[in-house]
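Below: the structure, in structure tokens.
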Amino acid sequence: MLSLSAMSVAAFDTRARAAFVVDQGTGTVLLDKNADLALPPASMSKLMTLYVAFEAIRDGRLSLDERLPVSEHAMSYKGSTMFLNTQDRVRVEDLIRGIIVLSGNDACVVIAEALSPDGTEAGFARYLTRRAKDMGMMNSNFTNSNGWPAAGHRMSVEDLGILAQRLIEDFPEYYPLFNEKVFEFDGRAPSNTRNRNPLLGLGIGADGLKTGHTSEAGYGLVGSAKQDDRRVIFVITGLDSTRARAEEAEAIVNWSFRQFAQKTVAKAGVPVANAEVWRGAEATVGLVPSEDFRILLPALSGRDVAAEVVYTGPIEAPISAGQPLAELVLQPEELPELRLPLVAEKDIPMGGFPVRVRTAAEVLIKRFLTGPEASQ
């Protein structure tokens, strides 16, 4: 048994109907409130349209400079729009910025119709649902491209968190667009030029991603913030005002960074424990991490965190360096259990004839002293 120093931290008491907070680097879930409940996502579901658009650009099926036509269907959307009309042919980059900064419902449909398997927004929505399942988003169903209120259009906050992480990790070249505060498209919508994300520019590391609001969904935000080498991704929904959304989001960011810290609990190549070896040239083998183990723990030191090395042994030779042999099991206070793999420090070949004779003698002696069941 090992011991690591940490202190219990109180869970964040959120006013949101559903909330999900994850530390990106360690994958530690810091907050889970109704996280798997499928709810109306409002404009936060535009992130899925953006993800598929970025995939199409990466794969060469779409380019940033390409100009796309605007259909009557796209122009018909109300709410937050870029005020596009059927005379427009709009650059893909402008459509993407219009979705991110202006939350353009019409811009989403233009992208959707260009990429849809059958040329329709409904066909694109069906594709989004299939693609979401492929990405592990099991509580998502799309009926449109932009989150306009519709029966069956649902996402869980956990799914939105998965999507945010994929956007950040899969498309780092486009992620800075989510930090853009103003986009004045063609000067035609002076009242809709500013990003609605209330955290941008507050100096707390916030740099994305997307707000959402409908009367059914309430006010929500998919957000992310980075401070030093840590990034936190969070999703909140079901709040009753823009003010409540802003206050809740800022409080979650501050709580996530102030109450938790990454700590190195084991270094690559440094033995954590030794395992007994059966019929080997050496009696034990070191158990080491293949890389540095950094985990998230409550920031203030105090209580001990129990850590246990678990393996089935003795381990029969020969053993190869890097061979998985054991796990380091940690149970931090108020956080999920962690199971980290340990591998063999070095090669342990089979022992020679003297080793086999000694092993046989040990078995015989054990049987003599404790009975034949001891050798089983």
Report the residue from Leu221, Leu199, Asn197 that forms a side chain to side chain contact (heavy atoms under 4.5 Å, CB included) with Arg245.
Leu221
Single hit among Ile162, Asn139, Leu37, Leu39 for side chain to side chain contact (heavy atoms under 4.5 Å, CB included) with Ser156
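Only one option passes, and that is Asn139.
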Relative to each other, are the rings of Trp148 and Tyr77 parallel, tilted or perpendicular (30° and 60° limits)?
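Aromatic pair Trp148/Tyr77 classed perpendicular.
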Classify the ring geometry between Tyr174 and Phe54 as parallel (under 30°), tilted (30 to 60°) or perpendicular (over 60°).
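The arrangement is parallel - the two ring planes meet at less than 30°.
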May I have the step-by-step check of salt bridge (charged side-chain N to carboxylate O under 4.0 Å, His left out) for Lys226 and Asp207, ending in yes or no?
CA-CA 8 Å; Lys226 185 176 182 182; Asp207 54 11; over 6 Å; no
Thinking salt bridges, do Glu248 and Lys33 make one under a 4.0 Å N-O criterion?
no
Electrostatic pair Glu55:Arg131 at N-O distance under 4.0 angstrom:
yes
Within the supplied structure, the quantity of interest is the number of heavy atoms (other residues, nucleotides, ligands) at a distance under 6.0 Å from Arg58 CZ; does it exceed 12?
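Enclosed.
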Please tell me whether Ile204 and Phe234 are part of a single hydrophobic cluster in this structure, the criterion being side-chain heavy atoms less than 4.5 Å apart.
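Both belong to a single hydrophobic cluster.
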Apply salt bridge (charged side-chain N to carboxylate O under 4.0 Å, His left out) to residues Arg126 and Asp118 and explain how you reach the verdict.
CA-CA 10 Å; Arg126 288 190 292 271; Asp118 64 4; 3.2 Å; yes
Thr26 versus Arg294, closest heavy-atom pair with distance:
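Closest heavy-atom pair between Thr26 and Arg294: CG2-O, 3.6 Å.
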Which is it for Arg339 and Glu337 under the salt bridge (charged side-chain N to carboxylate O under 4.0 Å, His left out) test, yes or no, and what are the steps along the way?
CA-CA 7 Å; Arg339 303 183 74 92; Glu337 177 184 273; 3.2 Å; yes
Just do the ring pair (Phe, Tyr, Trp, His ring centres under 6.0 Å) check on Phe171 and Tyr51 with the steps written out, would you?
CA-CA 9 Å; Phe171 301 107; Tyr51 186 90; 5.2 Å; yes
Can you check whether Gln323's main-chain N or O pairs, donor with acceptor, with Ser320's side chain at less than 3.5 Å?
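Here the side-chain-to-backbone pair does not exist.
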I'd like to check Val232 versus Phe257 (side-chain heavy atoms, cut-off strictly below 4.5 Å). Are they in contact?
yes
